[in-house]
Undergrad: 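Below you'll find the structure I mean.
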There are 2 protein chains.
Amino acid sequence: MVKMKHKKIRMTRQRGVILEELRAVKTHPTADEMYEKVKKRIPRISLATVYRNLEVLCGLGVIQKLDITGRQKRFDADTSNHYHIKCIKCGKVDDLYSARPDAIEKAVEDHRGYEVLGHRLEFEGICPKCREAGGKEPDTQ
Amino acid sequence: MVKMKHKKIRMTRQRGVILEELRAVKTHPTADEMYEKVKKRIPRISLATVYRNLEVLCGLGVIQKLDITGRQKRFDADTSNHYHIKCIKCGKVDDLYSARPDAIEKAVEDHRGYEVLGHRLEFEGICPKCREAGGKEPDTQ
DNA sequence: GTAATTGCAAAAATTTTGCAGCATT
DNA sequence: AATGCTGCAAAATTTTTGCAATTAC
């Protein structure tokens with residue numbers, strides 16, 4: 001049974017605001033954090049709607065879900081091929097536009113017989129602020 | 001208030017078997033999958049014990065938690081600096097030992113002021129088997 | 001003997017789903 | 001008017017926690 005998806009996507013106020021708010025931040029919010037943001041503009045919105053829309057927007061390729069563990073999933077309105085670096089102390093996730101993705105992907109391709117569609121390079125380290133602050137316990141995110 | 005951790009780690013049967021079973025596979029099981037494996041050898045073990053031990057073993061650096069999204073977290077007994085590649089169709093996660101981590105990390109370091117402790121490079125693509133099989137729907141993991 | 005660890009059950013946290021009414025096209 | 005979408009509430013999933021009993025050292 002093939003799953004047909006001829007659904008026409010409509011632009012609702014909720015969907016629009018969610019996208020706008022995600023685009024407005026440079027952080028990588030969780031569904032829950034998005035809910036809080038959006039609720040300021042649409043007080044009666046439900047968390048379920050936020051979850052559903054983030055999923056829809058991912059499906060459209062308009063936003064992306066990050067491949068970063070933690071208890072909650074995180075989303076990013078920037079779908080360009082950039083990297084993330086996460087601080088193991090405070091848990092913050094920063095963007096990283098430096099390296100050269102294309103070369104890396106090409107190097108991988110034949111080794112494995114995979115068709116490489118993309119990749120994510122996640123660095124783990126300690127951010128400048130935490131380096132100054134010194135010996136705190138690592139954040140458990 | 002600094003959190004002291006002077007706890008002495010003991011080697012229990014449960015802990016040993018969990019480590020053994022994780023080392024025995026080349027897949028990247030979820031806590032739940034580990035529970036099923038271990039239950040065959042220790043039928044009365046509880047899922048909570050599996051979660052607690054995977055966490056402890058991660059803390060010891062003996063195993064690692066993967067930075068791959070999905071509903072459940074995944075674990076790997078191989079803590080060497082290797083990569084993972086995930087098929088967006090079947091969801092399988094393979095190991096990848098090819099590239100040269102050190103060079104990549106060094107290139108990143110000064111850009112950001114981060115102290116880079118490690119990184120994970122996650123490729124996304126379609127595995128050989130799925131390429132043959134052709135146009136299935138992508139797996140939602 | 002002491003304190004870490006376990007199993008169990010219950011709670012917490014996160015995400016998904018059913019459904020009747022509403023809104024977009 | 002048709003059907004995609006919403007809010008709500010309830011369910012499902014995944015992970016964590018409290019506690020008394022057990023076990024490793």
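Excluded from the calculations below are hydrogen atoms, water molecules and symmetry mates; all remaining heavy atoms, backbone and side chain alike, are included. A note on names: the letters A, B, ... follow the listed sequences, proteins ahead of strands, and every chain is numbered from 1.
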Undergrad: What residues, two or more places apart in sequence or in another chain, satisfy side chain to side chain donor-acceptor pair (under 3.5 Å) together with B:Glu20?
TA: B:Arg41
Undergrad: Nearest whole Å is fine: how far is C:dT14 P from A:Met34 CE?
TA: 17 Å
Undergrad: Considering residues at least two apart in sequence or located in another chain, which fulfil the side chain to side chain donor-acceptor pair (under 3.5 Å) criterion with B:Arg13?
TA: none
Undergrad: Treat each ILVMFWY residue as a node, draw an edge where side-chain heavy atoms are under 4.5 Å apart, and state whether B:Val62 and B:Met11 are in one component.
TA: no
Undergrad: In this structure, how many angstroms lie between the P atom of C:dT5 and the CG atom of B:Leu57, rounded?
TA: 11 Å
Undergrad: Examine C:dA23: is either OP1 or OP2 under 4.0 Å from a nitrogen or oxygen in the side chain of A:Gln14? Give yes or no.
TA: no
Undergrad: Which value, rounded to the nearest 0.5 Å, describes the distance between B:Leu57 atom CG and B:Arg52 atom CZ?
TA: 13.5 Å
Undergrad: Tabulate below the donor-acceptor pairs under 3.5 Å that side-chain atoms of residues 32-39 of chain B make, not counting sequence neighbours, or state none.
TA:
{"unit_1": "B:Glu33", "atom_1": "OE1", "unit_2": "B:Thr30", "atom_2": "N", "d": "2.9"}

Undergrad: Based on the rotation axes of five pairs at each end, what angle does the helix from C:dG1-D:dC25 to C:dT25-D:dA1 bend through, to 10°?
TA: 50°
Undergrad: Can you check the B:Lys7 NZ to C:dT2 C1' distance for me, whole Å?
TA: 13 Å
Undergrad: State the CG-CD distance between B:Leu19 and B:Gln14, to the nearest 0.5 angstrom.
TA: 13.5 Å
Undergrad: CG/A:Asn53 to CD1/A:Ile63 distance, rounded to the nearest 0.5 angstrom?
TA: 9.0 Å
Undergrad: In whole Å, what is the span from the CD1 atom of A:Ile18 to the C1' atom of D:dG7?
TA: 13 Å
Undergrad: Can you give me the closest heavy-atom contact between A:Pro29 and A:Leu22, atom names plus distance?
TA: CD-CD1, 3.6 Å
Undergrad: For A:Lys65 and C:dT14, what is the distance between atoms NZ and P respectively, to the nearest whole Å?
TA: 16 Å
Undergrad: Rounded to the nearest angstrom, tell me the gap between atom CD1 in B:Ile42 and atom P in C:dT5.
TA: 15 Å
Undergrad: Just how far is it from atom NZ of B:Lys40 to atom CD of B:Glu21, taken to the nearest 0.5 Å?
TA: 8.5 Å
Undergrad: Taking protein heavy atoms under 4.0 Å as touching, what does nucleotides 20-25 of chain D look like 5' to 3' if B marks base contact, S marks sugar-phosphate-only contact and - marks none?
TA: ---BBS
Undergrad: Answer yes or no: is there a side-chain heavy-atom contact under 4.5 Å between A:Ile18 and A:Arg15?
TA: no
Undergrad: Check the distance between C:dT16's P and A:Tyr35's OH and give it to me in whole angstrom.
TA: 16 Å
Undergrad: Rounded to whole Å, please give me the gap between CG in A:Asp32 and P in C:dA13.
TA: 11 Å
Undergrad: With rounding to the nearest 0.5 angstrom, report the OG1 to CD1 distance, B:Thr12 to B:Ile45.
TA: 8.0 Å
Undergrad: Strictly below 4.0 Å, heavy-atom distances to any atom of DNA chain C: list the hits from residues 45-54 of chain B, or just say none.
TA: B:Ile45, B:Ser46, B:Ala48, B:Thr49, B:Arg52, B:Asn53
